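What you are looking at is a predicted structure, and each value in this text was computed from that prediction instead of being measured. Numbers restart at 1 for each chain; the letters A, B, ... are given by sequence-line order, proteins then strands.
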Amino acid sequence: MSLNQEMWAALVVCFSAVFTQNILLTTFLGMCPFTSVSREVKTSMGLGAAVVFVMTCTTILNWMAYHWILVPLGLEFYRFILFIIIIAAFVQFVEMLIDRYSPKLYQNLGIFLPLITVNCAILGASLFMVIRDYTLIVTVGWGFGAGLGWFLAILAMAGIRQKLNAARIPAGLQGPGITLIIAGLMALAFIGFTGVLG
Amino acid sequence: MGLVFLSIFIVSLLAAGLALLLVIAERFIANYGSCEIEINKDKKVTVQGGQPLLGALVNEKIFIPSACGGRGTCGYCKVKVTEGGGVILPTETPFLTKQEQDAGVRLSCQLKIRNDLKIEIPEELLSVKEYQCVCTKIEDLTHDMKRFRFELQDPPQIEYVPGQYVQLLCPPYKGSPEEVYRAYSIASDPAQKNIIDLIIRLVPNGICTTWCFEHLKEGDPVKINGPYGDFGLTDSQAPMVFIAGGSGMAPFVSILHYMEHTGNSRQVKYFYGGNQVRDLCLDEEMKRFEKALTGFEYVPVAADPAEGEQWDGQRGLVTEAVQKAYSDLSGHEGYLCGSPGMIDAAIKVLTSMGMNEGQIYYDKFA
């Protein structure tokens with residue numbers, strides 16, 4: 001593949017990761033923060049932005065670690081452990097960095113960083129990248145797109161839940177119950193995008 | 001076999017590399033240098049940045065009250081930050097009212113020092129000191145309460161208002177890896193300035209009370225800091241009702257000693273409640289105060305004396321005893337010390353009997 005073709009492929013993968021293969025709504029990864037931090041639009045934006053950032057960076061780092069270290073040594077089966085420690089170390093490092101240099105950003109983004117270290121969507125994005133054999137450039141598109149898709153889904157959910165505050169929901173369905181039902185409906189709606197990329 | 005060693009080696013190497021990176025980052029990025037804190041516009045201290053304000057102040061021997069040890073759960077360590085505090089964190093908002101937030105009040109355990117700060121703390125907290133003491137006497141008061149006597153070494157004397165409390169430092173011991181501070185009311189004669197008595201009731205699995213009951217021995221060194229709190233007698237001459245339960249006895253011992261020394265003849269009825277007779281303590285001392293103080297009357301109340309217990313005092317709840325003793329409490333002052341449940345119940349009863357809520361003073365066990 002030429003560079004041009006790769007860029008194009010990255011764009012397509014990015015687009016499909018946001019809409020047709022939304023990591024949250026098609027594979028239901030990262031459900032825990034999705035249900036617990038989606039009460040307000042403002043906090044869900046902070047968490048979503050953190051996910052976009054971490055997902056983009058960690059998929060790139062993990063691609064490098066996988067293709068440059070594990071594959072040459074024949075240790076591909078160690079990817080789970082390696083990906084997890086790279087994600088954890090990276091998040092720690094970034095948290096320290098923004099805590100030091102941008103207290104304002106730390107306020108809005110930093111407090112969510114430790115939360116998403118253990119988010120399975122982050123690890124999932126790295127594993128999909130391996131399974132689907134993406135090149136480095138396509139991985140950039142994939143990581144960013146998958147993060148953006150997650151961001152979009154939690155933002156939509158937070159918007160819906162804020163509206164729901166005024167609704168009368170049966171006692172047994174309040175909180176996570178109704179959130180999961182809405183997530184299911186959103187997933188159905190996102191299936192509508194499937195035909196877009198043919 | 002080679003693969004096993006190779007893989008262990010590679011994974012360890014990578015993990016060690018990442019750990020090293022974090023250590024270096026911690027050293028250079030999370031290094032905030034030294035920062036200056038200006039306290040009440042005159043005193044200045046220089047501290048290492050990057051640590052919480054509460055810890056930095058404690059290192060400077062400025063003791064801000066804190067019951068939870070800096071975990072952001074008690075909400076006691078409020079400090080007014082006039083400059084350099086940054087934005088209020090989500091971990092602080094549950095403890096700060098709107099007015100406090102507007103005035104710049106912060107939880108000092110949550111505020112990380114990143115730059116020079118200007119703060120204001122109540123003057124009386126500056127008189128709070130740390131005292132090195134020796135435990136000279138441990139006395140059983142009931143089956144689950146003991147009285148601990150601490151003799152001050154350095155500084156040798158303490159000034160406090162009867163009713164105030166101190167914080168006792170519980171060192172790490174087996175089963176509790178960290179230092180914790182716990183607050184206890186002073187139960188000694190304020191005229192004996194070199195002595196602090198504490199009445200402590202064993203809380204099952206309590207960190208500090210377990211240490212006091214099982215590890216602390218006579219002759220051991222202990223550290224306390226204080227005094228704190230605004231519980232204490234008013235200057236008025238209004239008749240008073242004291243209500244206490246269990247180790248809530250403590251501040252009243254100190255207050256009664258003080259009244260004896262100052263020849264205070266205010267009318268006081270002291271209702272002291274326990275579940276059974278064996279839960280009541282210091283009966284003799286109270287009887288002595290009854291003789292020494294003209295206006296003082298002691299009313300011990302046992303809710304439910306066990307079979308075989310000798311009891312000719314009142315039965316029932318303390319609040320019931322109060323209702324029996326008075327018909328109208330308007331113009332009286334109420335002083336309460338005990339568990340939150342007891343205090344809330346007592347406030348309800350006292351106000352329903354005509355006591356002005358502004359004249360009820362209490363010290364709730366957190």
Hey, is [atom1] on [X] packed in by over 12 heavy atoms from elsewhere, all under 6.0 Å?
{"X": "A:Met7", "atom1": "CE", "answer": "no"}
{"X": "B:Arg114", "atom1": "CZ", "answer": "yes"}
{"X": "A:Gln174", "atom1": "CD", "answer": "yes"}
{"X": "B:Asp102", "atom1": "CG", "answer": "yes"}
{"X": "B:Tyr362", "atom1": "OH", "answer": "no"}
{"X": "A:Phe144", "atom1": "CZ", "answer": "no"}

Check whether B:Ile88 gets within reach of chain A through its side chain, its backbone, both or neither, counting any heavy atom under 4.5 Å.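 It is the backbone, since no side chain atom gets that close.
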4.5 Å side-chain heavy-atom contact, [X] and [Y]:
{"X": "A:Ile69", "Y": "B:Leu14", "answer": "yes"}
{"X": "A:Leu75", "Y": "B:Leu3", "answer": "yes"}
{"X": "A:Met96", "Y": "B:Leu22", "answer": "yes"}

Would you mind telling me which of A:Leu73, A:Ile81, A:Leu70 has the largest number of heavy-atom pairs within less than 4.5 Å of chain B?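 Result: the option with the highest number of such pairs is A:Leu73.
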If I measure from the heavy atoms of chain B, does A:Tyr78 come under 4.5 Å with its side chain, its backbone, both, or neither? side chain
Rounded to the nearest 0.5 Å, how far does CZ of A:Phe90 lie from CG of B:Leu18?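 One finds 11.5 Å between CG of B:Leu18 and CZ of A:Phe90.
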List the steps and the verdict of side-chain contact (heavy atoms from CB on, under 4.5 Å) for B:Val11 and A:Leu82. CA-CA 7 Å; B:Val11 171; A:Leu82 189 67; 5.8 Å; no
